[in-house]
Structures are given as C-alpha cells and as structure tokens.
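Just so you know, ligand 1 is whichever comes first in the structure, and atom 1 is the first atom listed for that ligand. Since the model is a prediction, treat every value here as computed from it, not as a measurement.
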Amino acid sequence: MADYKEKYRRALKELDESEQKATDSIQALYQVLMSILKGVKGHHKAIDKAINSLPRNTPNGEGAPVEALSRVRDLVISYFDKDDLRSAITTLDILLENLKMSDVLGDDVEILQKDAAKIRTPNELKAFTRKVVNLIVGALFDNSGPSIKASLNGLKGDLTRQLGSLEALDAGLAESIKVAGLHKDIERIANLSDLSTFHKETFDVLGNGIVNKNELIVEFSGLVETVIHKLAELSSDLRQAGAEEADELKDRWRLTELMGGQVKTLQESVLQADNLALLKTLLTKRLAEFSQTVSEFTEVERCRVGEAEGYAFSVANKLKKMELQVQELKLSLIQAHKEALVDVLTGVANRRAFDERIRLEYERWKRNAEPLVLAVLDIDRFKKINDTYGHSVGDKVLCTISQLINKQVRESDFFGRIGGEEFAVIFTGSDLDSGLKRLEQFRKSVEDCKFGYQGKRLTITMSVGCAEFAPGDTVSDVYGRADQALYKAKSLGRNQCLSERAI
Ligand SMILES: Nc1nc2c(ncn2[C@@H]2O[C@H](COP(=O)(O)OP(=O)(O)OP(=O)(O)O)[C@@H](O)[C@H]2O)c(=O)[nH]1
C-alpha cells in the first residue's frame, strides 16, 4: 500500500513538473512573440493599439490571451496586404530570426526562412504570413509539444496502471474508481490542463482517502509493534522475576494469551473495516480492552507482591525469633550439660563427668601410651560424722574437702565426687609414684584442715588407693585395683595413701 502511494505521489510530482515546464514554455514563447510584435510596432496605429492592449506576460493559470492575439494577427495580415512587399519581408525576417530562439519552433522557423526568400507576390506574402502566425499561435495554444506529449502519454499510462493496482488491492477503492469513472477520465486527457484537472479531482477524492487510511494503518502498525514489543519486554521481565509459583505462572500465561488474542483481533479489525470511522471505533474499543487487561494483571501482580512481601516479613520475624530461641536453647543446653556434670552439693565434677572423662583419657592413653593414674579417695568414718554432728555437718565436710582438693588438682587432671563420701582423681601424664606423691599432699591437706563445730575442732581424714593403667587394662580393671588399694589403706588404719603395689 505504502509503495503504491509513493508511486502515485511520484507520478503526480512528475506531472506537476511537466505542467510547470509547459507553463514556462508558454511564458517564454509569449515573451518572444511580444518582442517580435515590438518590432512590428510603428507601421499602423490600429496594430500598435492592439499590441499595446496585450498583457506583458501570460496571465497566471489562463494561458495566452487567444482573442487579443488573433486580433493582432488579423490586423498584421491586413496591413501586409496593403503595404509594400519589401518592408513586409524585412519585418518577417526579424520575426523569424527571433523565433529561432525558441527550442520548440527552431526547426520549423528555419524551413520558413527558406520559404521567405522565395516570396514574390503579395498573395505569397499573405500565405506565408499566415503560416508564420499559425506556427506561433499554434505553438502557443497547443501545449502538446513532442516532449510534453510523450511525457503526458507516459503519465497517462502510469496512471492507468496505478489505478489497476489500486483496484486489485482494495475492493472499496475499486468501487470508488469505477463510480468516479477515472479510467475514462484518463482516456479523455488531451493536454496538461486536462491532466491537471484530472489529478486535482481524483487526488482530492481518492488520494485523500488513501492517505487517511494509510496513516491509520501506519499508526496501527506502530501500535501493534509497540504492543508486541511491550509483550516481549513483559515476558522477559516475568522470566527474570522467576515465576516459580504455579499461580503466578498461570496468571502470566493468561495475560500473554489475552494480549496475543487482542492483538490478533486488532489486526482482523483493520482488515475487515471497510470505512475509517468504523476502524477508528474498533481500534478505540480494542485498545480500551487491552489496557483493561494489562491493568487487571498489574493489580493482581501488585497484590501478589504485597502478599509475598508480607509473608517474607513474617517469615523473617519468625526466623529471628527462632534464632533467639535456638540461641537460648543452646545456652540452656550448655548449662544443662554443665549442670549434668557438676555435683550439686559440692560444686565439683560428678560421677557422670568422671565416667566421660575416664573414657576419654583411656582412649587417649591407648593412643599415646602416656602414663595414666586413677585414684579413689574416701573420707574416713564419715558415717560417724553424720551420726555425731548431723547430716548437714556431714554435707559441709563434703563441700569443704571437695573444694580443698579441687583447688590443688592441675587443670589437666580430674577431680570429682563419684559417690556419697567417695572421690576420684585422674592424673594424666603422671606415673604411679608421682600420682601417689600428689595424693599424699591432698590427704595431708585434709588432715590439716581445721573443721570447727560449736567451738570444737574436728579432724577429718581420708584414705586413698591408686593404680596405673597398664597394657591390656580396661577402666574397670584399673578402678578395681585402685579400690582394692583403698580397701587396704582402710584396713591398715585409714588416713593413708596406698598404690596397687600394696595390694
Ligand atoms: N552428709 C552426707 N553423708 C553422706 C552423703 N553420701 C553418703 N553419706 C554417708 O556417708 C557414709 C558412708 O559410710 P560408710 O560407707 O559406712 O563408710 P564410713 O563411715 O566412711 O567408714 P569407712 O569408709 O570405712 O571409713 C554413710 O553414712 C552415708 O549416709 C552425703 O551426700 N552427705
């Protein structure tokens, strides 16, 4: 359509140019004629008057003043009838010389000049003068010079072909062309003026419609392109946003389908609409529907994003709370573990801590074969203390002795209460003799400790038995030997430390 329109406009332009050329030629010829008539002036008053009444230029859009020129022609002819032959021929020579300047008349004038030389009688002069005048006037009134004619025929051919293309392209236009009878109008074009009239009329009626419809189609194509572009952009955005949720995917597919459907409907509307008003109405309606679809989708998306943000916020809050709870639980677990390993009464390690530690040291001993000594400590005659001073005094004694020994035990060693009045020490990296030496210090410190009760000094002692891990030993084996040594110490009078060697 656009190509056709362009061709049509080009043809019109060429036609206008040709018309302009023709107008220019007429103007030039008229000027030539005027200068010739100037030369004719001064021979007869009536001729001078007729020449003076001619306009200086061809009046705009009206062509040459035919009647006025015809009067001049008749006067000149009648003048030459009366005047002498020589003067007339001289005048004609001047005239022909001037006419040679014209591209259109050049060849014909040369032939006439040859004929002029043969004039012998007034009648010959009269006939000759008629030829000259007819040549000039004919050129003035016949726009269809050879080049203009060819150009005109070419344009007529173009026009016919283009009308045919238009008819094939659009049924509505074919009907308009038929009704307007444009093909017949083309055939009737005989000169530039006819063609110009034809163009003006047809272009006003038909061309205007084409231009309007074209503009609308161009607008519509732009719109469709924009929509498709927007659709592609949107799809790309959606993909980037990572539409993982089923609902989101569903909505987005629905939107894509709706938009695609609406674009298709728009295209069909353009093809089907047989008049511009209907096309505009349809387009406006479809665009409103389209805009509505996009708005609805945007709203759904906005709500979804709002919900997702709210959900993310609450999840983040929950996570934060859970983190705090986990932290608290961790701390309480550590605390519980610590507490689980601590003897509530004395504050030193308890039986469970001892079990864990002796297992650990045993495994280490098996790997490194570093000396490892286990000692069992037992307060002497503790039952008597309880019985004599009361259970609470017994508790205090337990606490005091626990703290007293605990502060003497090295960081790397272990001390804990493993039963009622029974304690254990693990010496790591120390052999039996070194362990025994340390145990003796502990025993002595307990013996030397001043326990006071109601102003009286209580002497507390303890007995100790120890054993060293030897190849092939289990924890139970070593514990058994240490316990036997303790039993021996008790049986030998208490308040003493014995190793397994004493068993
Ligand atoms: N006050 C107090 N007494 C306890 C505790 N645990 C155990 N005892 C007491 O410790 C005493 C241990 O007595 P026995 O096993 O007979 O031994 P002993 O009196 O120390 O005599 P020997 O070990 O032979 O020197 C018991 O009377 C228990 O009731 C405790 O936590 N607090």
Calculate, to the nearest 0.5 Å, the distance between atoms OG and CG belonging to Ser402 and Asp395 respectively.
-> 10.5 Å

Can you tell me if NZ on Lys437 sees more than 12 non-hydrogen neighbours from other groups inside 6.0 Å?
-> no

Any salt bridge between Asp413 and Arg438, counting N to O under 4.0 Å?
-> no

Would Lys490 and Asp380 pass as an ion pair if we require N to O under 4.0 Å?
-> yes

Does a sphere of radius 6.0 Å around CZ in Arg357 hold more than 12 heavy atoms from other residues, nucleotides or ligands, not counting ones at 6.0 Å or beyond?
-> yes

Amino acids contacting ligand 1, non-hydrogen cut-off under 4.0 Å | Leu345, Asp378, Ile379, Asp380, Arg381, Phe382, Lys383, Asn386, His391, Gly394, Asp395, Leu398, Arg417, Gly420, Glu421, Lys490, Arg494

Would you say the side chains of Ser463 and Asn495 form a donor-acceptor pair under 3.5 Å?
-> no

